[in-house]
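A short worksheet on the structure shown next.
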Amino acid sequence: MVLRRGVVCPFCGCLCDDLEVEVEDGRIVSTKNACPVSRSKFLSHAEDRARPMVGGREVSVEEAIEEAARILREADFPLIYGLSSTESDAQRMAVRLAELTGASLDNTSSTCHGPTVLAAQECGAVKCTLGEVKNRADLIVFWGCNPAEAHIRHPIRYSITPAGMYRQGKKERFVVHVDVRETRTSKMVNQFVKVQMGRDYELLSALRAAVRGYEVKEAAGVPGEVIKGLAERMKGCRFGIIFFGMGLTMSRGKNLNIDAALRLVRDLNEHTKFLIMPMRGHFNVSGANEVLTWLTGYPFALNFSRGYPVYNPGEFSAVDLLSREECDAALILASDPAAHFPAAAVRHLASIPTVVIDPKVSLTSKLARVVIPSAIAGIECEGTAYRMDGVPLRLKRIVDSPYLPDREILERIIERVGG
Ligand code: SF4
């Protein structure tokens, strides 16, 4: 039995780095400190593995790689999509492949926190690390997110209950949850504020007005005295933070909601220290934005068909390209768009030659022409991932694997396409 300590969990944007994993005869047999989601994923990592396939026939990995290269070489307008559930070297290789093939390149942030990126480009964002939140925050606002179910250890490791350097657990923090309905997160907080569906922008704007001293009677179903009380609490705290999720990014208003939230935080910094952070879901979706930005200047939704990167969300985002039936081949890396995209996009994905690189069988792998199985980053191969606050952490290899890492599969495809 081998005990691995300080393991980084590769299953959500929290990237908890205090896991302990026991390995016996090359299999993971137990975990410590992992949340239920993480534990089940570690223990079942060997189940439902994809097999190398071409046209529904099982082949060798080399044959599948050869066919993937042929498809991308012959395509006029290919799409490369996914990237958020793999490590950063593989993301780097995906950029290289997109450049070589003149492809459109998009990651999953175009369907989650893309609006956050757009808003931050407009007006900037006041940021910090999760460590600073743990050590200093005395006011925490969760807006349009549900960490109790989606980022299970976030409240105990970073936000609500951890004993920090200057804040000792929940008794020294005030926690607010703003959402359209009560969830398990609402039960962990001091105050729940119910906002009417699709009216977050109105409430954020009302809060900005209240922070500036204007009288607000009511906004988005929230009484004026609640808005005034929250504004005063925000101005009066020592270190406040808003954590926001897809309830804000993917509801009516999208990037304008985030724009209003970023400007609210900017206004609050005239009175106190206030920060804001997106609750990123996939474990390395922050890394996907970082890597694409270093290499191309743009975080998602770009196209290389002119020989240089062109950025245009809405034109080069995967959902739009597929729904308009513009791409004639696709490579999906560590993602399952068939399970999440609108029907028109999935229909087109099923009608074009699609290559899937993924450790597991998925809906997308079932409709793909080529499937290339890969090692699971953070369990079967190492790599770098970026936590939701932008801090890079090194993922460990816990067990040996017969599968190739994503980066190596992409390198082999690049050799064949480029050669
Ligand atoms: S909260 Fe996220 S990173 Fe932490 S153990 Fe659970 S799945 Fe893993």
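The structure presented is a predicted model; accordingly, all values stated were derived computationally and were not measured. Residue numbers run from 1 in the order of the sequence given. Every number for a ligand or one of its atoms is a count from 1 in the order of the listing. In what follows, every heavy atom counts, from backbone to side chain, and hydrogens, waters and symmetry copies are set aside.
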Report task. Take atom 8 (Fe) of ligand 1 and tell me which protein N, O or S atoms are nearer than 2.8 Å. Result -> Cys9 SG

**Report entry** NZ/NE/NH1/NH2 to OD/OE distance under 4.0 Å, Arg387 and Asp389
**Finding:** yes

Query raised in the report: Relative to the ring of Tyr311, is the ring of Tyr298 parallel (under 30°), tilted (30 to 60°) or perpendicular (over 60°)?
Result: parallel

Requested in this report: List for me each residue that meets ring-ring contact (aromatic ring centres under 6.0 Å, His included) alongside Tyr158, sequence neighbours excluded, and say none if there are none.
Outcome: His154

Query raised in the report: Under the salt bridge (charged side-chain N to carboxylate O under 4.0 Å, His left out) rule, what pairs show up with a residue in residues 241-260, not counting sequence neighbours?
Result: Asp259-Arg263

**Report entry** salt bridge (Lys or Arg N to Asp or Glu O under 4.0 Å) involving Glu67 - partner list, sequence neighbours excluded
**Finding:** Arg70, Arg369

Report task. Check whether the ring centres of His177 and Phe192 lie less than 6.0 Å apart, and answer yes or no. Result -> yes

